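Note on naming: letters A, B, ... go to the chains in the order of the sequence lines (proteins, then strands), and numbering restarts at 1 for each one. Bear in mind the structure is a predicted one, so any value in this text is a computation, not a measurement.
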Amino acid sequence: MSKPKPDSPDTGNEPESQTTSNFIRSIIDQDVAVGKHGGRVHTRFPPEPNGYLHIGHAKSICLNFGLAADHGGLCNLRFDDTNPIKEEAEYVEAIKEDVRWLGFDWEDREYYASDYFGQLHEWAVELIRKGKAYVDDLTAEEIRQYRGTLTEAGKESPYRDRTVEENLALFESMRAGELADGSKVLRAKIDMAAGNLNMRDPVLYRILHASHHRTGDDWCIYPMYDFAHGQSDSIEKITHSLCTLEFEDHRPLYDWFIRELDIFPSRQIEFARLNLSQTVLSKRKLKQLVDEGLVSGWDDPRMPTISALRRRGYTPESIRDFADRIGVAKADSTVDVALLEHCLRVDLNKRAPRVMAVLEPLKVVIENYPEGESELLEAVNNPEDPEAGSRQIPFSRELWIEKNDFREEAPKKYFRLAPGREVRLRYGFFITCQEVVKDETTGEVVELRCTYDPETRGGYAPDGRKVRGTIHWVSAAEAVNAEVRLYDHLLKPADEVKADQAKDFKASLNPDSLKVLTGCKVEPSLEGAARESRFQFERQGYFCVDNRDSSPDHLVFNRTVTLRDTWAKIEKAQRQASA
RNA sequence: UGGGGCGUCGCCAAGUGGUAAGGCACCAGACUUUGGAUCUGGCAUUCGUAGGUUCGAUUCCUACCGCCCCAGCCA
């Protein structure tokens, strides 16, 4: 007998996604065709190490690494670490782990914007020399007022026309640590009347006496995103710099620096960020869930973070497939979470070994099966994968079946067990329910007395008679106890949320996003199952051994996703019809 | 009376002058020792609206409507 292997590591069964074209691919193909940059394609994934990556980042990661790979190019991992107050080394490690887990390799191209602080400072000096940047003494509040509004032009700072010498000296004293935080900034001299607010003399450098997780106290002035990002791209000779739509307004500035500094002309291209139904993807909201204890942490299996998806049981292959299928465009969109789940099922169906587990146990006694005896039956490990082989499972007089696989009064189209009805125990025997035992006080069904047909061993009827229902089961004596956590979406479906959405997203939280079941009975082959191993619990869904709380003597499974459930649909339709 | 974007099936998304790909969801049927998987069929006479150009427009032009982003010394 061979135990089902926890799950095949990489079956290489990742779908051959016939990558549909998209506007970014077209631009790149075009550039390659005309030999721009010698036909070279070089992208980068540039997270700020101030939090955990989520599925929205996965879209960007797959896009950047994928597009580069498809063109024989490279993709760098670059940490956009220009704000020491929000960033930590711990996040750097977590991000690297997540990108690796997703299956991407940046080889030795691990960069940090902070590596370029020296060069960036030189460029700032260069701009001052050209008369294109100046030191401003206005306070943050004044700068805001001088900036004007969306519909009114701003006005120029009284410090805007300082001489080059004065600016040089002032910037030097900023850098030397002689000035207090916030007392001065370095600004680009562009156009205070520009329609695009980003061009109204944007701040290039601010004074911040803060320790940086990599450069320590080497600097007390730090460049702003706009003065660091594009130039970092340029330094790394990035050909196509992909970012989300909210940076469209920054592109003129991105290009302004390239022109004024006469540096490598990377091209910024913006695409729509991912939104997923029934979840939140904003860092602020996710943090709120964690801080308020509404989830157990950043890797709570209900979270959309990469670490949570991993813990939940998602495969990297399914996430990559999802990223391919949603495409890339510029229209704001919300992808149905059902697509993500579809990708997951497609992958897991091919590779997850099947196993029997009873989540809400109901005792069944086979009255005509000899007491104290047992036998082994053969069960297929994965009907989708002949290579997976089969295993032996014990059968005996006392079994556990699922509570909801029995009804005292069977509704229409209910194929499962009911008084007098015969069903097939998967890979076992046909059994017939003879008697229902109830708790005398509560009336609750506590045990079923059944008989089995010894001629139907393995689940086949020699006389050819049919049974409509096949149910899963576990032999009581050999069953292993387990805790099972049933997860559902973080938020209720949009049509149930309606108007209250505007007020607070927490009003939309799904109250049933977690249900913990203890006393579940799983088949003996699962004993000692390794963390993160994935299985299909037959007829129920895909489950993954929790990577935090599970141990050999206390198995904990997370429900990754349910199987499609046609019966549930029929039931729902029946309920609605009768209502 | 600001600037920048976007509007193709319930949700994504190709197509961009020659008469609407694909996926998800959904519906129906076949098959089935998972009500799973698989298979078959159905699902936009129409591309935000209204005009115009053209033999012909989702693709070009004009106007309008709707939605998103921008006023951090965050990214």
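- Taking only distance into account, the side chain of A/Gln536 meets the base of B/rU34 through a donor-acceptor pair shorter than 3.5 Å.
- One cannot find a donor-acceptor pair under 3.5 Å joining the base of B/rG35 and the side-chain atoms of A/Glu571.
- You can call A/Trp567 stacked on the base of B/rG35; the centres are under 5.5 Å apart and the planes sit within 30°.
- The CG-P distance, from A/Asp137 to B/rC73, rounds to 16 Å in whole Å.
- Put simply, CG on A/Leu170 is 19 Å from P on B/rC73, counting in whole angstrom units.
- Across all strands shown, B/rU62 forms a Watson-Crick or G-U wobble pair, both distances under 3.5 Å, with B/rA50.
- Within the 4.0 Å cut-off from OP1 or OP2 of B/rA37, at least one side-chain nitrogen or oxygen of A/Arg564 is found.
- With B/rU34, B/rC73, B/rC70 as the candidates, the nucleotide lying closest to the side chain of A/Pro383 is B/rU34.
- Contact between the side-chain N/O atoms of A/Thr566 and the OP1/OP2 oxygens of B/rG36 is found at a separation under 4.0 Å.
- Of all nucleotides listed (B/rA13, B/rG5, B/rG2), B/rG5 comes nearest to the side chain of A/Asp332.
- The C1' atoms of B/rU54 and B/rG18 are separated by 12 Å, rounded to the nearest whole Å.
- Within the structure, every side-chain polar atom (N or O) of A/Arg354 is placed at least 4.0 Å from both OP1 and OP2 of B/rA37.
- The aromatic ring centroids of A/Tyr414 and A/Trp567 lie less than 6.0 Å from each other.
- Rounded to whole Å, the C1' atom of B/rC68 lies 32 Å from the corresponding atom of B/rU53.
- One interatomic measurement links the two molecules: CG of A/Leu197 to C1' of B/rC74, which rounds to 16 Å at whole-angstrom precision.
- Using a 4.0 Å heavy-atom cutoff across all strands shown, A/Phe79 reaches no nucleic acid atom at all.
- Taking atom P in both B/rC64 and B/rG4, the straight-line distance is 16 Å, to the nearest Å.
- Taking side-chain N and O atoms only, A/Lys330 has no distance below 4.0 Å to OP1 or OP2 of B/rG7.
- Nearest nucleotide to the A/Asp249 side chain, out of B/rA13, B/rC69, B/rG36: B/rC69.
- Base pairing annotation: B/rA75 forms no Watson-Crick or G-U wobble pair, as no partner gives both donor-acceptor distances under 3.5 Å.
- Ring geometry, A/Phe171 versus A/His121: the interplanar angle falls under 30°, so the pair is classed parallel (tilted spans 30 to 60°).
- Both A/Val185 and A/Gly195 sit near RNA chain B, but only A/Gly195 has its closest nucleotide nearer the 5' end.
- The distance between the ring centers of A/Tyr542 and A/Phe535 does not fall below 6.0 angstrom.
- In this structure, A/Phe395 has its ring center at least 6.0 angstrom away from the ring center of A/Tyr427.
- With its glycosidic angle more than 90° from 0, B/rG7 adopts the anti conformation.
- Contact annotation: A/His342 side-chain N/O to B/rC24 OP1/OP2 distance is under 4.0 Å.
- For the pair A/His472 NE2 and B/rG35 P, the interatomic distance rounds to 10 Å; values are reported in whole Å.
- When rounded to the nearest whole Å, the span between CZ of A/Phe23 and P of B/rU59 equals 21 Å.
- Across all strands shown, the partner of B/rG29 is B/rC39, judged by Watson-Crick or G-U wobble contacts whose two distances both fall under 3.5 Å.
- B/rG15 and B/rG22 have their C1' atoms separated by 11 Å, with the value rounded to a whole Å.
- Listed nucleotides B/rG7, B/rG36, B/rC11 differ in distance to A/Asn349; the shortest reach to its side chain belongs to B/rG36.
- When the P atom is used for both B/rA28 and B/rC67, the distance is 37 Å, rounded to whole Å.
- Spacing between atom CG of A/Asp233 and atom P of B/rA75 amounts to 15 Å, rounded to whole angstrom units.
- For the C1' atoms, the distance from B/rA44 to B/rA20 is 7 Å, rounded to whole Å.
- Side-chain atoms of A/Arg325 and base atoms of B/rG22 include no donor and acceptor less than 3.5 Å apart.
- Dashed line: the shortest gap from a side-chain N or O of A/Thr470 to OP1 or OP2 of B/rU32 is not under 4.0 Å.
- Note: A/Phe227 and A/Tyr205 meet the aromatic proximity criterion, with ring centroids under 6.0 Å apart.
- Regarding contacts with the backbone of B/rC70, every side-chain N or O of A/Arg147 stays at 4.0 angstrom or more from both OP1 and OP2.
- Put simply, A/Ser21 has a side-chain N or O that comes within less than 4.0 Å of OP1 or OP2 on B/rG15.
- Side-chain N/O atoms of A/Arg187 include none lying less than 4.0 angstrom from OP1 or OP2 on B/rC73.
- B/rC27 sits 23 Å from B/rU8 when the C1' atoms are compared, rounded to a whole Å.
- A gap of 14 Å separates the P atoms of B/rU49 and B/rG7, to the nearest Å.
- Between A/Tyr225 and A/Phe247, the distance separating the two ring centers is shorter than 6.0 angstrom.
- Only one option out of A/Arg416, A/Arg421, A/Arg424 pairs with A/Asp405 in a salt bridge (Lys or Arg N to Asp or Glu O under 4.0 Å); it is A/Arg416.
- In summary, the aromatic rings of A/Tyr254 and A/His250 are positioned with their centroids too far apart to meet the 6.0 Å limit.
- Across the protein-nucleic acid pair, A/Glu402 atom CD and B/rG35 atom C1' stand 14 Å apart, rounded to whole Å.
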